[in-house]
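Contents: one structure, followed by commentary.
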Amino acid sequence: MTKRIGFFIGSLRKNSYNRKVAEKLAHFLPADFEAVFVELGDLPLYNEDLDVAGKEPVAWQRFRNEVNTLDGVVFVTPEYNRSVPAVLKNALDVGSRPYGQSVWDGKPGLVVSVSPGAIGGFGANHHLRQSLVFLNIPTLQQPEAYIGNISQSIDEDGEIIEKTQAFLKLIVDKYIVFFEANQL
Ligand SMILES: Cc1cc2nc3c(=O)[nH]c(=O)nc-3n(C[C@H](O)[C@H](O)[C@H](O)COP(=O)(O)O)c2cc1C
């Protein structure tokens, strides 16, 4: 059966480097895996007062239903002020509730951070991992994926250069092995 891997991108920017990297990661999935790009930009900020059964914001319902159909979760994120962009943290929070009904529980995860800066979004990568521990998302440890100086990894045609592509393929290959060993 085809396995569904959700991609969660921590940037809403049209020309996002993170989206470009996420699309390449998706491209490297084996044939019996399907990439599902999950929309985060329409999720109202999490507010417990709005989380009333049957009356939740429609976008929250759509998001929770969609994540429930996934077998694995891949987070590709920039670093904002040395941490996780609010759009991605909000999505984690929306999916984590109602209490006891988290849509994340047990789904094998991958974290990739991407930045034009030299340290490749290390801070965001590790702050994100802190939440994933609590959400019980078992996450690939090695190789760690801090994609720094990303603008130098894009050629004049807008394509990711071969060396970086090879690293992205390695990450996906390792994630798939990890996924198979940890899937629900
Ligand atoms: C609010 C804000 C905070 C940022 N903070 C960081 C940071 O802490 N570390 C970093 O490497 N880049 C930081 N950046 C720069 C982003 O890495 C850069 O804008 C990047 O292109 C965002 O990813 P995207 O291309 O996928 O949108 C920040 C950008 C914004 C808008």
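Here, residue 1 is the first one in the sequence, and each next residue gets the next number. Counting convention: from 1, in listed order, for ligands and their atoms alike.
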Can you report which non-hydrogen protein atom sits closest to atom 8 (O) of ligand 1, along with the distance? R82 N, 2.8 Å
Which protein non-hydrogen atom lies closest to atom 25 (O) of ligand 1, naming both residue and atom, and how far is it? R13 NH2, 2.8 Å
Would you call the rings of Y146 and F122 parallel, tilted or perpendicular, taking 30° and 60° as the class edges? tilted
Decide if atom CZ of F134 counts as having more than 12 heavy atoms of other residues, nucleotides or ligands within a radius under 6.0 Å. no
So is there a nitrogen or oxygen of R19 less than 3.5 Å from a nitrogen or oxygen in ligand 1? no
Got a sec, which residues hit side-chain hydrogen bond (donor to acceptor under 3.5 Å, both in side chains) with D93, two or more places apart in sequence or on another chain? K89
Ignoring angles and geometry beyond distance, decide whether Y80 reaches within less than 3.5 Å of ligand 1 through its nitrogen or oxygen atoms. no
Among all protein heavy atoms, pick the one closest to atom 9 (N) of ligand 1 and tell me residue, atom and distance. E79 OE1, 2.7 Å
Pull out every atom of ligand 1 sitting under 4.0 Å from any heavy atom of N18, numbered as shown with elements. 23 (O), 24 (P), 26 (O)
Would you say the side-chain atoms of R64 pair up with the backbone N or O of R97, donor to acceptor, closer than 3.5 Å? yes
Starting from atom 21 (O) of ligand 1, what is the nearest protein heavy atom, named by residue and atom, and what distance separates them? Y17 CD1, 3.6 Å
Please answer whether the main-chain N or O of I154 pairs with a side-chain N or O of K20 as donor and acceptor at a distance below 3.5 Å. no
Return the closest protein heavy atom for atom 5 (N) of ligand 1 as residue, atom name and distance. N81 N, 2.8 Å
Under a 4.0 Å threshold between the charged nitrogen and the carboxylate oxygen, would K24 count as salt-bridged to E159? yes
Which one of P116, P85, P78 has a non-hydrogen atom at the shortest distance from atom 18 (C) of ligand 1? P116
Of all heavy-atom pairs between L43 and F63, which one has the smallest distance, and what is that distance? CD2-CB, 3.6 Å
Does E66 have any side-chain hydrogen bond (donor to acceptor under 3.5 Å, both in side chains) partners at least two apart in sequence or in another chain, and if so, which? R62
Closest protein heavy atom to atom 11 (O) of ligand 1, given as residue, atom name and distance to 0.1 Å: S115 OG, 2.7 Å
Could you tell me the residue and atom name of the protein heavy atom closest to atom 27 (O) of ligand 1, and the distance to it rounded to 0.1 Å? S11 OG, 2.7 Å
